[in-house]
Amino acid sequence: MQAKKHPIFITNSLTGKKELFKPLVDDYVGMYVCGPTVYSDVHLGNVRTFLTFDVISRYFRYLGYKVRYVRNITDVGHLENDADEGEDKIAKKARLQQLEPMEIVQKYTVGFHEVLNQFNILSPSIEPTASGHIVEQINLTKTLLEKGFAYEVNGSVYFDVKKYNGLHDYGILSKRNIEDLMDSGRALDSQDEKREKIDFALWKKASPSHIMRWPSLWGDGFPGWHLECTAMSTKYLGETFDIHGGGMDLKFPHHECEIAQATALTGKPPVNYWIHSNMLTVDGQKMSKSLGNSFLPHELFTGTHKLLDKGYSPMTVRFFMLQSNYSSTLDFSNEALQAAEKGFKRISSALAVIKKLKYETASSLNHELDSDLNRLSSDCLTNMSDDFNTAKTLAVLFEMSSRINDFKSGIKRVSEVTRDTFENFKASYVGFMEEVLGLTDEVENNNKLLVGTINVLIALRKRAREDKNFPLSDKIRDDLKALGVQLMDGKDGEMNYSID
RNA sequence: GGUCUCGUGGCCGAGUGGCUAGGCAGAGCUCUGCAAAAGCUCGUACAGCGGUUCGAAUCCGCUCGAGACCUCCA
């Protein structure tokens with residue numbers, strides 16, 4: 001294992017600065033990421049966020065940290081529209097489809113996991129549900145009432161933002177000031193129970209028809225959205241933890257409210273480093289369910305989306321997303337995916353090559369090559385440690401793949417470098433590709449039978465070529481090509497292939 | 001209206017005071033039974049206008065353009 005204590009720098013959205021990462025406890029990282037509300041299919045914008053934090057947690061582990069990664073499932077309490085008239089998203093969907101709310105939750109949770117699996121996004125250490133932490137949320141609400149940061153009206157409990165702001169800074173994350181927030185937007189509704197419209201619900205009274213309900217000190221009700229994350233993050237990671245992540249669009253109000261609740265409860269900031277991933281755009285516009293421009297994963301794999309010419313594999317998309325920085329918007333287009341497909345094919349075939357490549361006893365040492373390979377290996381670490389710069393890391397991997405191809409074609413020999421240099425180079429390439437970036441060889445992993453069959457055909461074709469039976473060898477190649485398998489002849493009869 | 005972010009070559013995208021990003025596409029060459037792949041070489045760039053500086057794509061100001069958040073969204 002690398003386990004080198006390479007210093008990591010993180011752009012902290014709380015301060016807006018790139019900061020040296022210092023964990024609360026040496027060698028341990030606690031990270032919380034806001035998961036999905038399971039009321040509909042996840043689209044690729046959602047995937048980008050979970051991919052970002054997948055790579056971040058993978059990298060910490062690669063460096064030898066023990067990571068506790070908590071990513072919740074919001075299965076209750078996420079309201080539509082304003083917190084007062086709003087209807088629970090899951091309950092609404094259940095009513096429309098005439099299903100039990102937990103049926104909806106089950107269906108989309110399973111779908112969510114399937115999608116993440118396809119993209120090789122690893123499971124978090126803990127995946128708690130909001131509905132499984134009602135007791136904790138009631139207790140937090142109670143404490144906030146006792147501390148005077150909340151008030152009860154008609155069986156609902158609201159957080160008193162003005163009161164909080166007198167002691168702490170509401171808006172510290174989203175850089176807003178409370179006066180602007182109070183002035184802007186809709187006027188206070190006469191029906192509104194809240195003292196100020198910026199106040200938010202900790203606990204909501206359930207109307208008689210509301211299905212998802214739990215008994216509490218304030219009558220039957222359900223928890224507010226913001227509270228669940230505070231309840232679950234502090235339960236599993238402590239009152240203050242290292243990293244909190246999520247999509248940019250959750251910064252306000254969700255994360256701002258989390259900070260307010262937690263700070264009101266404990267008197268200290270809950271999170272040391274906030275990381276926000278940026279949006280996936282289509283024609284420059286945010287991909288979102290409400291705009292109706294989302295791409296669903298299966299539309300992408302099959303190419304059935306109207307903006308696509310053809311389907312793209314999950315690994316191509318994973319690679320595509322990692323070519324940009326998580327903090328920049330990324331535009332999704334057919335052309336960009338096409339370029340990504342070819343690029344990915346290149347570094348992934350180099351991966352197959354280096355895996356098979358063995359060290360030979362050193363001959364004459366090529367100092368220039370030796371130090372070049374060492375530089376490339378360490379550049380991977382440097383770039384990933386610089387705010388998880390996957391784009392730069394991939395650029396290094398492309399450079400490395402050129403060297404690998406040199407070895408393959410015999411332009412350079414592995415014996416020109418020391419054994420340590422070679423093994424380190426190999427471990428870096430394989431490690432960064434597979435462990436850190438999660439870019440695995442799709443073909444080999446997905447279809448051993450196919451791979452075996454292709455190898456049989458390759459052997460037959462080799463025989464034909466040796467016999468100078470070119471019509472037969474070309475037929476094998478052409479027929480395979482028609483099926484999407486491209487054969488590539490190498491030096492001394494060696495053969496590679498790629499599958500579309 | 002308020003708050004904030006961004007504008008890089010044909011396309012996608014890093015970088016952010018002096019040092020080739022990278023990928024895709026394009027041109028030429030090498031290798032090869034042919035093809036493909038690979039290798040080598042090449043071109044085009046930092047929205048505009050001012051300012052700071054020995055030096056700016058990078059810092060500051062303005063202009064233009066795009067987007068996000070302020071209501072649910074990853």
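Lettering follows sequence order; numbering is per chain, from 1.
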Check the phosphate of [N] against [X], side-chain N and O only, distance under 4.0 Å to OP1 or OP2. Yes or no?
X      : N     : answer
A:K342 : B:A25 : yes
A:N46  : B:A74 : yes
A:S328 : B:A14 : yes
A:R346 : B:G39 : yes
A:S409 : B:C31 : no

If the [atom1] atom of [N] is compared with that of [M], how far apart are they to the nearest Å?
N     : M     : atom1 : result
B:G7  : B:U16 : P     : 12 Å
B:A14 : B:G23 : C1'   : 11 Å
B:A37 : B:A21 : C1'   : 24 Å
B:A27 : B:G61 : P     : 45 Å
B:U41 : B:G33 : C1'   : 27 Å
B:U20 : B:C42 : P     : 13 Å

Notebook entry, point to check: How many Å lie between CZ on A:R318 and P on B:C12, as a whole number?
Noted result: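 Distance check: A:R318 CZ to B:C12 P gives 24 Å.
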Notebook entry, point to check: When the nearest nucleotide of RNA chain B is assigned to A:S333 and to A:H43 on a heavy-atom basis, which residue is associated with the more 5' position?
Noted result: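 The residue closer to the strand's 5' end, by nearest nucleotide, is A:S333.
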Next item on the list: Take A:D474 and A:S324, find for each the nucleotide of RNA chain B with the closest heavy atom, and name the residue whose nucleotide sits nearer the 5' end.
Entry: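 Mapping each residue to its closest nucleotide by heavy atoms, the 5'-most match is A:S324.
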Next item on the list: Please report the closest heavy-atom contact between A:T316 and A:L337, naming both atoms and the distance.
Entry: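 It is CG2-O, 4.0 Å.
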Using purine N1 to pyrimidine N3 plus N6-O4 or O6-N4 for Watson-Crick, or N1-O2 and O6-N3 for G-U wobble, each under 3.5 Å, what pairs with [N]?
N     : value
B:C64 : B:G7
B:U52 : none
B:A57 : none
B:C31 : none
B:U44 : none

Check: Counting only non-hydrogen atoms, which of residues 386-400 of chain A are less than 4.0 Å from RNA chain B?
Finding: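 Within residues 386-400 of chain A, the residues near RNA chain B are A:N389, A:A391, A:K392, A:A395, A:F398.
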Looking at [options], which one has an atom nearest to any side-chain atom of [X]?
X      : options             : value
A:E335 : B:C34, B:C11, B:C73 : B:C11
A:S473 : B:C73, B:A74, B:G33 : B:G33
A:F320 : B:G33, B:C12, B:A74 : B:C12
A:S290 : B:A68, B:C72, B:G23 : B:C72
A:S402 : B:G39, B:U16, B:C34 : B:G39

Notebook entry, point to check: What string of B, S and - do you get for nucleotides 4-10 of chain B, 5' to 3', when a contact is any protein heavy atom under 4.0 Å?
Noted result: -------
Checklist line | Any residue meeting salt bridge (Lys or Arg N to Asp or Glu O under 4.0 Å) with A:D372, in chain and number order, not counting sequence neighbours | finding: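 Once residues adjacent in sequence are excluded, the partners of A:D372 under the salt bridge (Lys or Arg N to Asp or Glu O under 4.0 Å) criterion are A:R375, A:R403.
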Notebook entry, point to check: What is the ring orientation for A:H210 with A:F222, classed by angle as parallel under 30°, tilted 30 to 60°, or perpendicular over 60°?
Noted result: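 Geometry flag for A:F222 against A:H210: parallel rings.
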Notebook entry, point to check: Is any N or O donor-acceptor pair between the side chain of A:D489 and the base of B:C34 shorter than 3.5 Å?
Noted result: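 Such a pair is found, so the answer is yes.
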